[in-house]
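Throughout, protein chains are lettered first and strands after them, A, B, ... in sequence-line order, and every chain is numbered starting at 1.
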Number of protein chains: 2
Amino acid sequence: MTGQVRTVDGRVAGRRGQATRQKLLDCLGEMLSSSPYRDVKVIDVARKAGTSPATFYQYFPDVEGAVLEIAEEMAKEGAGLTELVAGRSWVGKAGWQAAEELVDGFLDFWRRNDAILRVVDLGAAEGDKRFYKIRMKILNAVTNSLTDSVKELQAKRKVDQDVNPAAVAGSLVAMLAAVASHQKGFQSWGVKQAELKPNLALLVHLGITGKKPTR
Amino acid sequence: MTGQVRTVDGRVAGRRGQATRQKLLDCLGEMLSSSPYRDVKVIDVARKAGTSPATFYQYFPDVEGAVLEIAEEMAKEGAGLTELVAGRSWVGKAGWQAAEELVDGFLDFWRRNDAILRVVDLGAAEGDKRFYKIRMKILNAVTNSLTDSVKELQAKRKVDQDVNPAAVAGSLVAMLAAVASHQKGFQSWGVKQAELKPNLALLVHLGITGKKPTR
DNA sequence: CGGTAAGCTGACGGCATGACAGGACAAGTA
DNA sequence: TACTTGTCCTGTCATGCCGTCAGCTTACCG
């Protein structure tokens, strides 16, 4: 199903080849977090990995191709974000806890994958379907779960009927993603990390349930 | 005060020079909306403007420099976004209207300056102070106004004291910006443009006042 | 009409890209 | 051990963009 790892010219990669390939990916990942995406050059990645540009081109069609590879990897891990929402109760104290844990988990994931998520975001915004798909894969998991939560509350008449669950869930997730990728920005207008989280959780809880949380 | 427009090598630009310069900026702007930022080359911009690469380098140190110029221009226009919030009442029907108009104005501005805002966002996220500053210039106006609104409501005991006005305002603005730049994304999970706006307005209202709007 | 500064470009060294052919290496076979 | 096979890596090359400079053309002014 997964298929073996293959080089650009169709050979199957052996143990040594896969190691080289992985090393190139790792080095690319590091470069992305230390210098602007626009300035990441194949030759630098290759040098950093102690190999030559030609080797890079054996495993990846171009820089973008390699970035997609890393992103795909991350997306798999990101699928686990679903668990932050699935099967949670949004009533009473449990609701507040759910909101807090969602915010926590989300911010954490984003901070860990900071650099690559930035590039994925850009690619998606520019209309590249491949990046777009990956971004969806990560956000969809959470968004769909949240959408379901809102729908449930609507069914129980706890949320107004004219609320569009998908729109609200999507917007909240977008907010989390945006805040996560500009966390430094908040510090400069005097909001500290620790203060940010409860306020985000508040917004999430308000958005989902329409009510202030009981802590 | 403003200083004349100058070329890289220090000459003051005359009428003809300024026209060329502007044409280069315009063409760059077009290129940014039609192809990925990473692939925008000086030579293409120059060709599109019917001039040579050397001319480009007379007016701008590099592509980034020119992008900053465009962004600066946009930031000036963006300062007008303050009016969407300043001096608004957030009580009763007026509150709902304020939320709706804020969302409307914001989304509109973002759609108009789509391409350049993407690049600014990326630059800021990557830690470039110059892009960061521009992003702040645009968002600060709105965020500060919103922060003040929340503070006022807090003073009147209409909002809980443990809410951090700046954190809430900043998060809401980040949400608006994020949703605006991924508007297409929402369509794919079945949320239409027209549906999106009222739901965003709802979230904004909830966030600022802590209460459901009275429409 | 001549001087001066603005405006533009051809051309060039330098570097990244991406392709290829061939050498180095590990593992299996006789 | 010698030979074979297939994987893995690199030297090298044509191509194309970058960023700069000297020098030519154009516009303005006394």
Side-chain angles (χ1 to χ4, degrees), chain A residues 2-32 34-69 119 123 128, chain B residues 2-28 30-32 34-69 119 123 128 130:
Chain A
T2 72
Q4 304 124 307
V5 179
R6 283 184 175 277
T7 60
V8 168
D9 56 335
R11 289 200 326 276
V12 286
R15 201 172 298 124
R16 190 154 69 110
Q18 291 199 27
T20 306
R21 194 184 132 96
Q22 192 57 48
K23 184 156 198 180
L24 284 167
L25 285 178
D26 292 344
C27 290
L28 174 56
E30 280 182 52
M31 302 232 75
L32 281 175
S34 66
S35 61
Y37 176 50
R38 200 165 200 280
D39 297 340
V40 171
K41 307 290 180 195
V42 169
I43 196 169
D44 298 321
V45 178
R47 260 203 286 264
K48 196 178 173 81
T51 178
S52 79
T55 301
F56 182 94
Y57 287 107
Q58 250 189 356
Y59 296 106
F60 312 102
D62 49 25
V63 175
E64 206 178 87
V67 169
L68 276 167
E69 200 80 9
V119 180
D128 186 308
Chain B
T2 73
Q4 305 123 306
V5 180
R6 284 184 174 278
T7 59
V8 168
D9 56 335
R11 292 200 319 278
V12 285
R15 203 173 303 121
R16 189 154 70 112
Q18 291 200 28
T20 306
R21 194 184 133 96
Q22 192 56 50
K23 184 155 198 179
L24 284 168
L25 285 178
D26 292 345
C27 290
L28 174 57
E30 280 182 52
M31 302 232 75
L32 281 175
S34 65
S35 60
Y37 176 49
R38 202 165 199 280
D39 297 339
V40 171
K41 309 287 179 195
V42 170
I43 198 170
D44 297 322
V45 178
R47 258 202 287 263
K48 195 179 174 79
T51 179
S52 79
T55 301
F56 182 95
Y57 287 106
Q58 264 199 340
Y59 296 106
F60 310 103
D62 49 26
V63 174
E64 204 178 270
V67 168
L68 276 167
E69 200 81 9
V119 181
D128 186 308
R130 298 166 303 172

Please name the pair of heavy atoms, one in A:A49 and one in A:L24, separated by the smallest distance, quoted to 0.1 Å. CB-CD2, 3.8 Å
Position toward the 5' end of DNA chain D (nearest nucleotide), B:V42 or B:R15: B:V42
Salt-bridge present (A:R38, B:E64; N to O < 4.0 Å): no
B:T20 side-chain N/O to C:dG7 phosphate OP1/OP2 under 4.0 Å: no
Whole-Å distance separating the CG atom of A:L24 from the C1' atom of D:dC8: 12 Å
Quick check: do A:L25 and A:F60 have side-chain heavy atoms less than 4.5 Å from each other? yes
Which heavy atom of B:P53 sits nearest to which heavy atom of B:A46, and what is that distance? N-CB, 3.6 Å
If I take atom CZ in residue B:R38 and atom P in nucleotide C:dA16, what distance separates them, rounded to the nearest angstrom? 13 Å
So NZ of A:K23 and OG1 of A:T51: to nearest 0.5 Å the spacing works out to 9.5 Å
Please report, rounded to the nearest Å, how far the P atom of D:dT20 is from the CG atom of B:D9. 11 Å
In whole angstroms, how far is the P atom of D:dC9 from the NZ atom of A:K23? 11 Å
Integer-rounded Å distance: C:dA16 P and A:D39 CG: 12 Å
Do you know which of B:R21, B:Q22, B:E69, B:R6 makes side chain to side chain contact (heavy atoms under 4.5 Å, CB included) with B:Y59? B:R21
Contacts of type side chain to side chain donor-acceptor pair (under 3.5 Å), residue B:Q58, not counting sequence neighbours: none
How close do B:P61 and B:V8 get, counting heavy atoms only, and between which atoms? N-CG2, 4.0 Å
DNA chain D contacts made by residues 43-63 of chain B, counting heavy atoms under 4.0 Å: B:I43, B:A54, B:Y57
Determine to 10° how strongly the helix from C:dC1-D:dG30 to C:dA30-D:dT1 is bent, judged from the axes of its five-pair ends. 10°
